[in-house]
Amino acid sequence: MATPRTMKAVQYDKYGGGAEGLKHVEVPVPSPKKGEVLLKMEAASINPIDWKIQKGMLRPFLPGKFPFTPVGDLAGEVVELGSGVTGFKPGDKVISISFPSGGGLAEYEVTSAALTVARPPEVSAVDGACLPAAASSALQLLKATGVSFDGTSNATGPKNVLVTAASGGVGHYAVQLAKLAGLHVTATCGARNVAFVQGLGADEVLDYKTPEGAALRSPSGRKYDAVANCAAGVAWPALKAVLSDEGGTAADVTPGVRAALTSLLQKVTFAKKRLAPLMLTPRREEMEWLVELAGQGKLRTAVDSRYPLSRAQEAWAKSVDGHATGKIVVEIGGAE
């Protein structure tokens, strides 16, 4: 079937506006350039960074221009190859990350072949679209604290890890990956998600609204030698207080300028307790490993809600609300 010349897409044309700022448009189907593939989209997963860019948190750098088609976590079918692309053919089912160029809220999207990996039949398009940013962030958070995933034991690495916001997109993957690495996991979440997080494998779960949860205190009295902080607004002093006196690292998926300065100061003073701000660097080999785990049933994706492209504004508003359990997905090309 020939690729059409135009497609449905969802865009915004200025900073701000929230879900109401998203507009349904008909635009030309893009053509893949050198090193790119064109995907017929099946699903896209919304991440907080998507609406933070719309709010202007990275202005004037992102988006590169208006109007802008947001969302960079993609699952779809290869329909065309740009020059120089090998290893893929039309009809291949794949997942990819297209950040910061976005483009996921559309019927077709071009993306870098270097950040595109095969999606096996055991992994649905919906689950696959959730992996690129959130699961990669969880993996890189844990690696930043010294956790090893190379098949060797963590004999010299962390033993006890705290995962905050453990029912969210990044957090629910971090709990599972930490357990795969053999760690004791204490996790925080809202009261309604305690059983869910226990089901992910967490050894101890704290309701973050209780005094113990607010203080991040382990019910068994453990001090942590690693923290995967997936919650916004947790200051370094709170994380430092629960790290072991022998030292440890708190990796932060929501860092600000202050976190970067704190981390730099700790490095030059050789501090035992460290803050590691994370800026996701997508890596194809990590995405391949995560997809493999998902295909084997070792890494589960919790999907909070699904919406067709025609209701993308509702998905956007749900993400902005901030209380999703797991991931929010827009399905494309299926029944409305």
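As the structure is a computational prediction, the values presented were derived from the model and not from experiment.
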How many angstroms lie between atom [atom1] of [X] and atom [atom2] of [Y], to the nearest 0.5 angstrom?
{"X": "Glu26", "Y": "Arg5", "atom1": "CD", "atom2": "CZ", "value": "13.5 Å"}
{"X": "Tyr108", "Y": "Ile332", "atom1": "OH", "atom2": "CD1", "value": "11.5 Å"}
{"X": "Arg300", "Y": "Cys130", "atom1": "CZ", "atom2": "SG", "value": "13.5 Å"}
{"X": "Trp236", "Y": "Asp252", "atom1": "CH2", "atom2": "CG", "value": "10.0 Å"}
{"X": "Leu139", "Y": "Leu299", "atom1": "CG", "atom2": "CG", "value": "9.5 Å"}
{"X": "Leu115", "Y": "Leu74", "atom1": "CG", "atom2": "CG", "value": "10.5 Å"}

Of the non-hydrogen atoms in [X] and [Y], which two are nearest, and what is the gap between them?
{"X": "Ser96", "Y": "Thr116", "answer": "OG-OG1, 2.9 Å"}
{"X": "Asp73", "Y": "Pro132", "answer": "OD1-CB, 3.5 Å"}
{"X": "Leu278", "Y": "Ser137", "answer": "CD2-O, 3.6 Å"}
{"X": "Leu216", "Y": "Leu206", "answer": "C-CD1, 4.1 Å"}
{"X": "Leu142", "Y": "Leu177", "answer": "CD1-CB, 3.7 Å"}
{"X": "Ala215", "Y": "Val242", "answer": "O-CG1, 3.5 Å"}

Main-chain N/O of [Y] paired with [X] side-chain donor or acceptor, under 3.5 Å:
{"X": "Thr164", "Y": "Cys230", "answer": "yes"}
{"X": "Ser98", "Y": "Ser101", "answer": "no"}
{"X": "Lys40", "Y": "Gly91", "answer": "no"}
{"X": "Asp92", "Y": "Val78", "answer": "no"}
{"X": "Gln313", "Y": "Leu22", "answer": "yes"}
{"X": "Tyr307", "Y": "Trp316", "answer": "no"}
{"X": "Lys52", "Y": "Gly56", "answer": "no"}
{"X": "Thr188", "Y": "Ala165", "answer": "yes"}
{"X": "Asn160", "Y": "Tyr224", "answer": "no"}
{"X": "Lys159", "Y": "Gly157", "answer": "yes"}

If you apply the rule side-chain contact (heavy atoms from CB on, under 4.5 Å), what do you find for Asp127 with Leu131, and how did you get there? CA-CA 7 Å; Asp127 286 359; Leu131 293 170; over 6 Å; no
Distance-only criterion, 3.5 Å: show the donor-acceptor pairs between side-chain atoms of residues 7-18 and protein atoms not counting sequence neighbours.
residue, atom, partner, partner atom, Å
Gln11, NE2, Thr69, OG1, 3.1
Tyr15, OH, Leu62, O, 3.0

Are [Y] and [X] connected into the same hydrophobic cluster when the rule is that any two of I, L, V, M, F, W, Y join if their side-chain heavy atoms are below 4.5 Å apart?
{"X": "Val71", "Y": "Leu280", "answer": "yes"}
{"X": "Ile328", "Y": "Leu309", "answer": "no"}
{"X": "Met279", "Y": "Met57", "answer": "no"}

Any non-hydrogen side-chain atom of [X] less than 4.5 Å from a side-chain atom of [Y]?
{"X": "Val330", "Y": "Ile46", "answer": "yes"}
{"X": "Ile49", "Y": "Leu58", "answer": "yes"}
{"X": "Leu162", "Y": "Ser218", "answer": "no"}
{"X": "Met41", "Y": "Glu107", "answer": "no"}
{"X": "Ser319", "Y": "Trp51", "answer": "yes"}

What donor-acceptor contacts under 3.5 angstrom involve side-chain atoms of residues 285-292, with partners at least two apart or in another chain?
residue, atom, partner, partner atom, Å
Glu286, OE1, Gln140, NE2, 2.9
Glu286, OE2, Lys143, NZ, 2.9
Glu292, OE2, Gln296, NE2, 3.4

If a pair satisfies ring pair (Phe, Tyr, Trp, His ring centres under 6.0 Å) and one of its residues is in residues 163-216, list it, with sequence neighbours excluded. none
Connected hydrophobic set around Val303, excluding itself, where side chains approach under 4.5 Å: Val126, Val329
What pairs with Glu20 under salt bridge (charged side-chain N to carboxylate O under 4.0 Å, His left out), at least two apart in sequence or on another chain? none
Residues that Glu314 engages under salt bridge (charged side-chain N to carboxylate O under 4.0 Å, His left out), provided they are two or more places apart: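 Residues passing salt bridge (charged side-chain N to carboxylate O under 4.0 Å, His left out) with Glu314: Arg311.
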Return yes when atom CZ of Phe61 has more than 12 non-hydrogen atoms of other residues, nucleotides or ligands closer than 6.0 Å, and no otherwise. no
Might you confirm whether atom NZ of Lys223 has over 12 heavy atoms from other residues, nucleotides or ligands at distances under 6.0 Å?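 Yes, because the 6.0 Å sphere around NZ of Lys223 holds more than 12 heavy atoms from other groups.
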Under a plain distance cut-off of 3.5 Å, with no hydrogens placed, do [Y] and [X] share a side-chain donor-acceptor pair?
{"X": "Lys327", "Y": "Ser45", "answer": "yes"}
{"X": "Glu204", "Y": "Ser220", "answer": "yes"}
{"X": "Ser244", "Y": "Asp225", "answer": "no"}

Run Cys189 and Val194 through side-chain contact (heavy atoms from CB on, under 4.5 Å) and show every step you take. CA-CA 7 Å; Cys189 63; Val194 168; 4.1 Å; yes
Taking 4.0 angstrom as the limit, do Lys272 and Asp245 come out as a salt bridge?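 Salt bridge absent between Lys272 and Asp245.
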Test applied, side chain to side chain contact (heavy atoms under 4.5 Å, CB included); reference residue, Val79; option that passes from Val29, Val37, Leu38: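 Output: one option passes, namely Leu38.
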Verdict with reasoning, Val161 to Val147, per side-chain contact (heavy atoms from CB on, under 4.5 Å): CA-CA 10 Å; Val161 63; Val147 178; 5.9 Å; no
